Protein chains: 2
Amino acid sequence: MPAAQPSASPDCTVRGSTVQEGASASRAKGRPRSAAADLAILDATRETLAELGWGGLTMGHVATRAKVAKTTLYRRWPSKNELVVDAVASLFDELVMPDLGSLRSDIQAVVTQFADLLARPETQAALLALFAEGTRDPQLRRRIREAIVDPQKRLVRQGRAAAQARGELEPDTDAESAREEVDIIFDTIAGTVEHRVLVSGEPITAEWTSRFTDLLLGPLTAA
Amino acid sequence: MPAAQPSASPDCTVRGSTVQEGASASRAKGRPRSAAADLAILDATRETLAELGWGGLTMGHVATRAKVAKTTLYRRWPSKNELVVDAVASLFDELVMPDLGSLRSDIQAVVTQFADLLARPETQAALLALFAEGTRDPQLRRRIREAIVDPQKRLVRQGRAAAQARGELEPDTDAESAREEVDIIFDTIAGTVEHRVLVSGEPITAEWTSRFTDLLLGPLTAA
DNA sequence: TGCTTTCGCTACGGGTCGTAGCGTAACTGG
DNA sequence: CCAGTTACGCTACGACCCGTAGCGAAAGCA
């Protein structure tokens, strides 16, 4: 398995005081943080997640596995939740919107990609646990949305744009209405696949994907 | 808020040995278990869940609140997870399939009911956490499916049957195909509403429900 | 009146979280 | 080259929770 590329925002804590002082780009003064440690910690988090699941993920384990002191983890992330957000977010970056020539095949491709991602043990162990914590901690939920959920809405937007360019969909008339439509499509795809895989525990077959795509295409397939 | 009726299966552990001996219905011999304690524990679990969330739910808290010794909890449920399954399952029994005269209004009514249920703090705190644990513990997942998920599929079946009786839907041709259709519809409704409420964190408005229903009805609305 | 099982209580071992204190390592500016 | 600043590894700690064990007492049955 290829090592996932580091997340866009490796650090979670701010170096120095909270108030921004002096120049905008503060030149670090002391010993710089080890970038290798960042990667080692995130990798160790994903590996431990895959092997032991959320319940078995302890800061001690991660630290040992990353060959790093436990205190080093707490210097970067305030809590286990934030660490896992960063560790998991990068997994979603591999999702891409292909342009296969028809809206139907594009949707099927994305659904299949998402199903494969959810089949991986580290995703499976972390995603729902993270969402669960998010229901209680509004700040964590915001981080989840910013790092994981919202970035993936690009897939829906890209797919819509391609279909509009092909003439399969009407062009947008109202920006607000378009945004709501993107949201509803996204929630439907993400929620349904998650529920099927993680709750019902049944596999995503090609036939299921085909049926589900029919549902999503809705009125278009009636013609 | 009205006290929820007790779950169908109050006990989780078997009294006596695992091997079934003698008569089928084993007549209890010693001091019987307090039925009042069962209800007090389940109520205390829901209340604590609503106030402190999953993370704040400890067996000690529940025991204290139910005015019961902690050991009494462990005599009935082997672990926190199983206790919460029973405590939460009864919340879902209040969902009903109304017969409002059209498939469209029936769907909207159920979606609204489900959204209201998910808006309640005890449901919100417990459901995703439970699902998350279920991804790691196959036995717990089975209990979740049997106690929470599968029973609610009746709603989809009832709605379909009513629509078929009205002539809005074609009668079933193949039993297997019908079962798959029920599954896909159920996963779509449950998953999408859960994702919208619990992950995206946005409210379910009447307008959203209307749009989502359009999506579900699919080809029918094109006519 | 015995027998059986539950009940409340107290205490315990094992594990995790997140923090504090220390001496040392790395890097920067004078 | 040397002081200042920051990160690092290590160890230890208090607080909390889990799940179990042991005890005497209570509540039903034969």
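None of the values given here were measured: they were computed from a predicted structure. Naming: A, B, ... by sequence-line order, numbering from 1 per chain.
In summary, the side chains of A:R211 and B:S177 do present a donor paired with an acceptor at a separation below 3.5 Å, with no hydrogens or angles considered.
OP1 and OP2 of D:dA7 both lie 4.0 Å or more from every side-chain N or O belonging to A:R75. Taking 4.0 angstrom as the limit, A:R76 places a side-chain polar atom (N or O) nearer than this to OP1 or OP2 of D:dC8.
Rounded to whole Å, the distance from NZ on B:K29 to P on C:dG2 is 17 Å. The interatomic distance linking A:L73 (CG) with C:dC17 (P) rounds to 10 Å, in whole Å. Here C:dT6 presents its P atom at 12 Å from CG of B:D38, a figure rounded to the nearest Å. In this entry the distance linking CG of B:L83 with P of D:dC18 reads 11 Å, nearest Å. Rounded to whole Å, the distance from CE on A:M59 to C1' on C:dT16 is 11 Å. Residue A:K67 contributes atom NZ, which lies 17 Å from atom P of D:dC8 at whole-angstrom precision. Going from atom NZ of B:K80 over to atom P of D:dC18 covers 5 Å, rounded to whole Å. Rounded to a whole Å, the OH atom of B:Y74 is 16 Å from the C1' atom of C:dC9.
Ring geometry for A:F114 against A:F92 counts as tilted: the plane angle lies between 30° and 60°, on a 0 to 90° scale.
At the heavy-atom level, B:L57 lies under 4.0 Å from the strands shown only through sugar-phosphate atoms. Among the protein residues, B:T71 comes within range of the nucleic acid bases, having at least one heavy atom under 4.0 Å from a base atom.
Across C:dG8, D:dC8, C:dT19, the shortest atom-to-atom separation from the side chain of B:T72 is found for C:dG8. Closest to the side chain of A:A69, out of C:dT4, D:dC17, D:dG9, is D:dG9. Ranking D:dC10, D:dG19, C:dG8 by closeness to the B:V68 side chain, first place goes to C:dG8.
Taking a 6.0 Å sphere around CZ of A:R142, one finds it holds 12 or fewer heavy atoms contributed by other residues, nucleotides or ligands.
Of the listed residues (B:V149, B:T135, B:L130), just one forms a side chain to side chain contact (heavy atoms under 4.5 Å, CB included) with B:R141, and that residue is B:T135.
Scanning atom types as modelled, one donor and one acceptor separated by under 3.5 angstrom connect the side chain of A:K70 and the base of C:dG18. Between the side chain of A:R31 and the base of C:dA25, a donor-acceptor pair under 3.5 Å is found.
No donor-acceptor pair closer than 3.5 Å links the side chain of B:E202 to the backbone N or O of B:R196.
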